[in-house]
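Notes to accompany the following structure.
For ligands, and for the atoms within them, numbers begin at 1 and follow the listed sequence.
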Amino acid sequence: MTKPEKIPKTDILCSGYCARCETVHALGLNDAREQSLLLMQKLDQAGRIDFTVPSSEADPALSTDYVFGKALGQMFGAMTYVNSDNEQGVAYAFSGQYNAIWEVDGWVPPIVDTLEFKDLTQNKALEIMAISAEMEDLTKGSDKHAELGLLRKTMSRALMDKIRYIYKLPNFRGETRVLPEIPPLGKGIPAGTGDCCAPKLLNFAALNNLTPLGIAEFYYGKENKSGTKQHKTFYPSCKDKCSLILGYMLCGLQT
Ligand SMILES: [Zn+2]
Ligand SMILES: [Zn+2]
């Protein structure tokens with residue numbers, strides 16, 4: 001855990017293909033690497049991600065014990081930017097939810113409206129769970145079991161489709177598109193697309209008239225099972241999800 005952080009081999013970790021411009025848009029690291037190192041220090045020292053609030057108000061669920069436990073580590077990111085008054089700043093993001101929490105003081109919010117997300121998923125998730133419970137009482141391989149299995153699959157897919165439509169992504173041309181309208185037609189959109197650090201940070205910048213200067217993402221916490229992600233190591237934006245949307249999101253940004 002005292003292992004020094006690895007320095008990225010490249011100076012670009014955030015990029016994606018833009019279908020409109022027929023080219024790859026990329027954002028360099030600039031000061032985002034140094035800011036990420038500072039963020040790692042803050043996490044080390046505070047031992048929690050809600051380090052902007054006094055320790056008396058700290059939420060135990062936001063302790064970094066979480067990423068060193070069963071949940072394993074997760075990705076964090078820093079973006080340096082300049083605002084419309086030409087002042088520089090830095091914004092932080094964690095990927096997805098942190099211990100089932102979407103919004104934490106001091107970090108950029110998720111792209112999805114969490115109330116809308118909850119509204120959409122809560123009842124459907126309960127229905128899907130009820131079907132699973134019913135299936136448990138049936139013999140595997142029976143007609144009824146297979147029928148319910150198919151129903152559950154269809155319902156989960158329909159829910160996933162609906163969730164994609166409540167992700168509204170801006171870019172630097174002043175456009176906003178829902179997730180399914182971004183990747184080339186026929187490309188499947190994996191669950192969790194839009195929840196990584198880079199899209200969250202770019203969303204925050206575009207909505208607040210900030211010009212990003214650099215983005216860096218690193219893994220923090222217990223190494224993942226396959227060993228491909230290690231504590232305090234920088235990684236490029238992911239291929240399976242972010243490569244589908246970052247080209248669109250970076251479009252219009254003069255880099
Ligand atoms: Zn990603
Ligand atoms: Zn473009």
Within-4.5 Å side-chain heavy-atom neighbours: Cys242 and Pro199: yes

Given the options Tyr235, Phe68, Tyr92, Phe94, Tyr220 meets ring pair (Phe, Tyr, Trp, His ring centres under 6.0 Å) only with Phe68

request  = May I ask you to test the Ser156-Ile128 pair for a side-chain heavy-atom distance under 4.5 Å?
outcome  = yes

- For the pair Arg20 and Glu175, find out whether any cationic side-chain nitrogen is under 4.0 Å from an anionic carboxylate oxygen. yes

At a cut-off of 2.8 Å, protein N/O/S around the Zn ion (ligand 2) gives Cys18 SG, Cys21 SG, His25 NE2, Cys251 SG

Pairwise side-chain contact, Tyr167 with Ile189, heavy-atom cut-off 4.5 Å (strictly under): no

Assess Cys196: does it contribute an N, O or S atom lying under 2.8 Å from the Zn ion (ligand 1)?
yes

(request) Would you check if the side chain of Trp102 reaches a backbone N or O of Asp113 as a donor-acceptor pair within less than 3.5 Å? (result) no

